[in-house]
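First the structure, in the form of structure tokens, and then the observations on it.
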Protein chains: 2
Amino acid sequence: MSRPIGIRDVANKAAVAASSVSRVISGHPNVSPEMKERVLAAVEALGYEPNILAQGLRRGSTQTIGLVVPDISNPLFSELVFHAENTLNAAGYALLIANSQGVPDSDITHLKLLRQRVDGFLLSLSDETDKGTVSALKQLDKPFVLLDRDISKAKYFSVLWDHGAGIKTAAAYLADLGHRRIAMIDGNPRVHPTRARSQALQSAFEDRPEVHIAKYDASFSPDHGERTTDFLLGSESRPTAIIAGSVQILIGVLRSLRRHKLRVPEDISLVTIDHAPMLEFIEPPIATIDRDCGDFGRTAAQLLLDRLEGRPMRKHLLPVNFDPKSSCAPPADEVRPT
Amino acid sequence: MSRPIGIRDVANKAAVAASSVSRVISGHPNVSPEMKERVLAAVEALGYEPNILAQGLRRGSTQTIGLVVPDISNPLFSELVFHAENTLNAAGYALLIANSQGVPDSDITHLKLLRQRVDGFLLSLSDETDKGTVSALKQLDKPFVLLDRDISKAKYFSVLWDHGAGIKTAAAYLADLGHRRIAMIDGNPRVHPTRARSQALQSAFEDRPEVHIAKYDASFSPDHGERTTDFLLGSESRPTAIIAGSVQILIGVLRSLRRHKLRVPEDISLVTIDHAPMLEFIEPPIATIDRDCGDFGRTAAQLLLDRLEGRPMRKHLLPVNFDPKSSCAPPADEVRPT
DNA sequence: CTGAAAGCGCTTACAG
DNA sequence: CTGAAAGCGCTTACAG
């Protein structure tokens with residue numbers, strides 16, 4: 001109810017100077033055992049907790065890390081956050097999360113907002129090519145680690161998944177089954193995952209010109225998935241296999257396939273990226289490119305801790321996994337729409 | 001690169017005292033137009049931004065709100081957060097999120113951690129009956145609003161959904177179809193939603209003793225859903241309708257039904273709580289009790305703002321919606337296991 | 001209307 | 001090893 005306990009209250013109770021209390025608490029070496037004991041007893045008795053704002057003001061550090069993500073409801077983030085937080089907590093840092101809804105301006109706003117409250121950032125930018133974001137990052141006076149984002153012009157710390165390798169494996173699997181027209185419906189081309197996949201597919205079949213790849217990058221939305229699938233199914237050179245770039249896109253693809261009454265894999269093969277809870281009830285089981293978020297969270301947090309301690313710049317590339325399922329089969333004999 | 005711009009730099013540039021700069025920035029009435037203009041020009045020219053820590057230390061307020069939730073990956077929260085944040089931002093507050101993973105001790109830790117960094121809290125407790133949590137709340141020296149949590153002994157601000165009304169509507173719908181044995185598989189009984197539903201079901205059929213209700217509260221997990229369904233399907237008085245208390249529980253229920261090769265609604269009717277993205281691909285469409293999270297987020301934020309401005313205690317009760325679908329049908333003729 | 005001074009609660013050189 | 005003093009960057013009575 002009354003004014004919270006301050007360092008002076010502790011000092012009075014222990015009959016020492018405030019500076020001594022500070023030394024004891026911060027683990028300064030020069031403290032006599034007797035004084036340390038008296039101070040600790042007083043801290044305990046009064047339930048003293050140092051004022052973080054005052055500490056931050058004086059020290060210039062807050063022992064807090066800011067995490068900015070485009071979509072906290074993505075289950076991938078949940079696990080990432082959990083492990084990142086554990087790693088940071090173990091090192092004495094708290095984790096604060098901000099949600100930017102995929103809006104670059106919101107990234108920037110949160111950066112400004114959190115800048116003075118944190119010692120560093122974990123950043124999953126909404127758009128790694130956005131001019132405002134890039135310049136905000138350049139001016140940012142706090143260390144940060146990019147999460148599955150890559151700004152190649154700049155030498156930033158980042159943790160990346162190897163999306164390129166994953167998509168190559170999946171596409172090669174389809175090609176080996178006999179598919180010659182494969183379509184990739186992917187999301188926002190302004191973030192690393194989409195770009196990495198796009199580039200990898202581009203170069204994947206340079207030595208197999210008989211395999212045709214069509215790519216449709218736009219947004220991680222059911223709408224994009226549905227419209228693009230509609231378009232593909234109506235086209236002259238209808239693909240025999242579709243790769244959906246995210247769960248949201250997959251939802252759209254499935255809507256279109258259902259409406260066209262097409263069967264998987266008899267009429268068309270299907271691969272999707274990332275697992276989702278309800279996926280198991282969809283028939284047939286869908287081949288999935290998946291990734292380990294716990295590992296990612298730990299790695300990212302550790303990288304930021306390294307950065308805070310001044311260790312040299314590093315990038316981490318984490319593997320993704322392709323899990324073939326019965327949604328992929330050899331293509332049916334050619335059936336052209338009349 | 002160098003030391004950030006401080007209020008003294010602005011004061012020097014504008015040739016006024018720091019106190020005058022402070023008055024201009026905080027909108028103090030006693031400032032001459034000429035000085036105001038000079039100061040504003042200097043602020044602009046130097047790109048000055050007040051140090052939040054210093055302001056917080058001096059004023060005792062941080063213009064920040066803390067949100068603690070058990071599971072940020074729950075899509076319901078995503079929308080809630082978005083609207084709560086908009087409302088708070090409009091009032092000049094920032095929103096910081098912490099994830100407690102459904103662990104009461106983590107609630108308490110985050111409360112302690114954030115206490116000095118925020119002016120108030122939005123709290124979705126992991127366990128509203130936990131002794132540690134309740135006492136931490138009692139000692140908390142910051143205002144807060146409970147999100148779909150109810151600690152009836154205490155007079156706290158809270159926003160609640162009317163889960164009781166929703167479940168009554170759904171159960172009555174099933175009873176009117178002819179169901180006489182209805183099972184509710186629900187989650188954590190230590191939070192308001194489960195408790196409200198449980199109580200409502202208890203009293204719902206007092207005037208219709210022919211309708212039997214069985215309730216199984218435990219945890220919002222697929223495992224609980226699956227095991228309980230297994231048990232129910234093997235029991236003497238197998239229910240003719242099941243209500244799943246969450247998407248996670250539904251997943252378990254569906255796993256069990258699939259394994260038992262039971263058809264919905266021919267063999268058993270099904271109702272679930274909350275919508276999920278992939279739900280639309282499950283056959284048949286499942287009757288759902290749903291709720292508006294945007295409205296909830298706005299209401300909760302507004303309530304906290306009210307509280308911060310000292311307005312009297314209020315609780316808000318928001319409606320939920322029952323959407324019947326073809327997963328509900330009259331029960332088949334009794335088939336007892338031999 | 002404006003400025004000089006004190007102080008929010010800490011930490012950290014600086015003496016001793 | 002310990003204490004007194006200065007100061008982190010602000011705001012707010014207090015004079016004038």
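Every chain is numbered from 1, with letters handed out A, B, ... down the list of sequences. The basis for the numbers below is simple: all heavy atoms, side chains too, and nothing from hydrogens, waters or symmetry mates.
Put simply, CG on Leu57(B) is 4 Å from C1' on dC8(C), counting in whole angstrom units. Rounding to whole angstrom units, CD1 of residue Ile25(A) and P of dT12(C) are separated by 13 Å. As a whole-Å value, the separation of Asn12(B) CG from dG9(D) C1' is 14 Å. Whole-Å rounding puts the Tyr48(B) OH to dT11(D) C1' distance at 10 Å. Regarding His28(B), its NE2 atom lies at a distance of 9 Å from the C1' atom of dC1(C), rounded to whole Å. Taking atom CG of Leu53(B) as the reference point, atom P of dC10(D) lies 10 Å away to the nearest angstrom. Spacing between atom CZ of Arg23(A) and atom P of dT12(C) amounts to 10 Å, rounded to whole angstrom units. Atom CD of Gln116(A) and atom C1' of dC10(D) are 11 Å apart (whole Å).
Classification of Lys112(A) and Glu49(B) as a salt-bridged pair fails, no side-chain N sitting under 4.0 Å from a carboxylate O.
One finds no side-chain N or O of Ser32(A) lying less than 4.0 angstrom from the OP1 or OP2 phosphate oxygen of dC1(D). Contact annotation: Gln55(B) side-chain N/O to dT11(D) OP1/OP2 distance is under 4.0 Å. Taking only side-chain nitrogens and oxygens, Asn51(A) never comes nearer than 4.0 Å to OP1 or OP2 of dG9(C). Using a 4.0 Å cut-off, no side-chain N or O of Ser19(A) falls inside it from OP1 or OP2 of dG3(D).
Side-chain atoms of Gln101(B) and Asn99(B) form a donor-acceptor pair, as typed in the model, at a separation below 3.5 Å.
Open room surrounds NZ on Lys36(A); 12 or fewer heavy atoms of other groups in view lie less than 6.0 Å from it.
Looking only at side-chain heavy atoms (C-beta outward), Val103(B) and Ser126(B) stay at 4.5 Å or farther from each other.
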